[in-house]
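Report on the structure given below.
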Number of protein chains: 2
Amino acid sequence: MKKQADDLAAPTSLQRGLRILAVLGSAPVGGMRLSDIAEACTASEATTHRLLKSLIAERFVDQTTERRYRLSLDFFSLAACAANPDNLRDICRPHLIHLSATLNDTVFLLVRSGFHAVCVDRAEGPFPIRSFTGDIGGRIPLGIGQGSLVILAFLPEEEREEVIRFNIPRLLDMGAMDEVVLRTEIARAVAQGYSGVETGIIPGMTGVAVPIFDTNGRVVAALSVGTLKERLGPDRRPTVIELLRREAAIIGARVSPFDPALRRPAQYLGGVVAPLAAASRVTPGDVS
Amino acid sequence: MKKQADDLAAPTSLQRGLRILAVLGSAPVGGMRLSDIAEACTASEATTHRLLKSLIAERFVDQTTERRYRLSLDFFSLAACAANPDNLRDICRPHLIHLSATLNDTVFLLVRSGFHAVCVDRAEGPFPIRSFTGDIGGRIPLGIGQGSLVILAFLPEEEREEVIRFNIPRLLDMGAMDEVVLRTEIARAVAQGYSGVETGIIPGMTGVAVPIFDTNGRVVAALSVGTLKERLGPDRRPTVIELLRREAAIIGARVSPFDPALRRPAQYLGGVVAPLAAASRVTPGDVS
DNA sequence: GAGCAAATTCCATTGAGTGGAATTCTTTGC
DNA sequence: GCAAAGAATTCCACTCAATGGAATTTGCTC
């Protein structure tokens with residue numbers, strides 16, 4: 001198909017550069033070598049090298065000694081600005097902290113992004129927790145894990161079916177669940193208003209999650225608690241769910257997908273993190 | 001100067017695209033309009049529009065309704081892979097959690113990146129804390145705030161002087177401190193082995209930070225506690241510092257700037273987050 | 001220290017990137 | 001509800017920046 005060919009070949013040099021970033025995203029700790037990057041991008045080494053120079057010039061990529069390349073911390077820092085869609089993260093932070101302090105468990109904020117859920121924030125309890133989404137920034141197909149599943153469950157039917165169709169192969173690949181189990185769990189989540197799947201994929205762990213609806217009534221996110229199985233027994237469970245629900249309701253009331261008030265000409269340079277380009281333009285020598 | 005002109009003009013289209021990302025990084029919550037982006041990048045609207053299309057195709061940028069553009073969550077998710085230089089974040093997480101649970105306060109992990117310190121992780125105490133670096137991903141010039149200052153203080157002299165020369169204008173701009181205060185604080189931090197600056201910039205708040213040295217004896221990061229002033233009085237302070245020191249020592253012993261063992265051919269696709277490009281290549285329709 | 005492999009630079013060719021202009025879509029004011 | 005203004009998007013011919021093969025340099029290995 002031509003369409004697919006279009007996708008695979010990156011016609012623009014910008015896209016080639018962005019794919020280098022994507023490839024570097026899954027690089028091992030030490031970074032990647034030029035030849036490996038070039039191969040992964042199916043581009044010549046000369047081209048890859050030149051693109052990398054641009055990426056380095058804009059501070060998106062670091063070159064370590066050892067002739068290896070990796071994503072830079074500045075890049076991380078820039079992208080952190082993207083973690084706050086519709087102000088969700090800022091709105092939720094105090095609630096996450098409050099919940100985590102109350103429950104003494106780890107609480108996650110998951111936000112939908114296309115066919116995935118992304119962990120946008122978390123407030124840790126007193127011990128490390130293994131979760132599907134992994135850490136902040138972690139992505140997981142919609143349907144795997146409580147938070148992710150509860151978002152899927154409350155999507156409008158048409159969208160939900162589209163996501164299921166798209167994600168089923170992934171779920172199977174990951175050995176998470178088949179379509180029957182998924183649909184059962186979705187039905188249960190809808191009926192209960194929360195999700196408490198026990199996939200058993202992470203042994204000894206469990207969790208519950210509730211959806212967050214924006215002021216239009218659309219699911220945009222989920223609040224999720226992950227903990228040890230013994231900490232979600234019949235005694236604690238109902239209370240935990242009730243507390244999550246309460247916070248989710250408060251949060252949802254403050255989330256509108258687009259606030260017309262924001263149309264005023266904004267101060268683009270007022271953010272915490274200055275644009276990378278601006279920073280890179282100034283070199284130490286320039287200081288008089 | 002020609003050199004500066006080179007910096008300002010973005011000759012390659014990749015760099016133009018990256019600058020769009022940088023500009024979008026400081027966009028307000030609602031996103032930015034095409035014309036504003038074009039102006040901020042000093043590029044024509046036609047070019048900006050075409051570049052944005054590529055950025056969207058690679059899922060680095062979202063176009064909201066309302067004809068606005070913003071950084072995507074996938075972009076955030078990709079960049080999260082960059083937050084773990086030399087495995088620092090993974091190594092530190094359990095220690096952060098342990099400290100935060102022990103002290104009942106918020107603990108930050110700051111890593112040096114050029115002339116800045118970047119907050120790479122944090123474990124929250126039971127109430128929200130205002131800090132210089134802001135949240136995860138926040139950047140601050142080296143010298144402002146305890147963690148940032150303690151990194152600066154323990155840099156090798158030559159590097160330290162370079163950073164000071166570069167950052168002084170910033171510190172003055174931010175009203176943080178002048179050179180005399182900075183050098184006094186640095187000397188004190190070196191003498192004490194920790195930093196406990198009281199800039200008074202964030203009223204009622206204070207903190208202490210200790211450096212983390214890698215196995216080569218170079219400062220690479222700092223552990224920092226931020227809390228209310230009354231929680232760091234003469235009674236608690238020495239204990240807090242001692243606890244931080246102990247964890248920092250354990251961490252440092254595990255951090256080597258480059259581990260030759262990692263040279264083995266790595267499995268680049270084994271990460272939590274698949275490369276964006278790969279994800280974007282698959283469309284719902286492709287599922288058979 | 002020689003030999004090898006990887007990274008970096010060079011350069012002539014070519015087609016992708018560019019911005020002005022035309023078109024389409026939105027919003028606003030009356 | 002209509003018209004005019006303002007954005008966003010598309011088009012297109014020209015041009016210069018991107019390309020990849022080849023040459024050079026660097027760094028690693030034995």
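A, B, ... follow the sequence lines: proteins, then strands. Residue 1 opens every chain.
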Exercise for the section: Verify whether the ring centers belonging to B/F75 and A/F75 lie closer than 6.0 Å. Expected result: yes
Handout entry: Backbone N/O of A/N216 and side chain of A/D214: donor-acceptor pair under 3.5 Å
Key = yes
Practice task
To the nearest 10°, let me know how far the axis at one end of the helix from C/dG1-D/dC30 to C/dC30-D/dG1 is tilted from the axis at the other, five pairs an end.
Solution key: 60°
Handout entry: Whole angstrom value for the distance that separates P of D/dT19 from CD of A/Q15
Key = 12 Å
Practice task
With heavy atoms under 4.0 Å as the rule, sort A/S35 into base, sugar-phosphate or nothing.
Solution key: sugar-phosphate
Completion exercise
Between CG of B/D36 and C1' of D/dA8 the distance, given in whole Å, is 12 Å
Handout entry: Cationic N near anionic O, under 4.0 Å, B/R70 to A/D86
Key = yes
Exercise for the section: Write down the distance between CZ (B/R50) and P (D/dT10), rounded to a whole number of angstrom. Expected result: 12 Å
Practice task
Let me know the distance between CG of B/L14 and C1' of D/dC16, rounded to the nearest Å.
Solution key: 17 Å
Problem - Whole angstrom value for the distance that separates P of D/dA18 from CD of A/E45 - result: 20 Å
Completion exercise
Output for pair (B/I164 CD1, B/E157 CD), nearest 0.5 Å, gives 9.0 Å
Exercise for the section: Please determine, for the side chain of A/R67, which listed nucleotide (D/dT10, D/dG27, D/dG20) has the closest atom? Expected result: D/dG27
Exercise for the section: Would you kindly compare A/S44 and B/K53 by the position of their nearest DNA chain D nucleotide and give the one closer to the 5′ end? Expected result: B/K53
Problem - Integer-rounded Å distance: D/dA17 P and B/L51 CG - result: 15 Å
Problem - Whether B/R160 side chain and B/A153 backbone form a donor-acceptor pair below 3.5 Å - result: yes
Practice task
Tell me which nucleotide among C/dT18, D/dT9, D/dT26 gets nearest to the side chain of B/S13.
Solution key: C/dT18
Practice task
Taking A/D90 for its side chain and A/N84 for its backbone only, find out whether a donor-acceptor pair lies under 3.5 Å.
Solution key: no
Handout entry: Rounded distance in Å - CD (B/Q63) to C1' (C/dT26)
Key = 14 Å
Exercise for the section: Send over the distance from A/H49 NE2 to D/dT25 P, rounded to a whole Å. Expected result: 15 Å
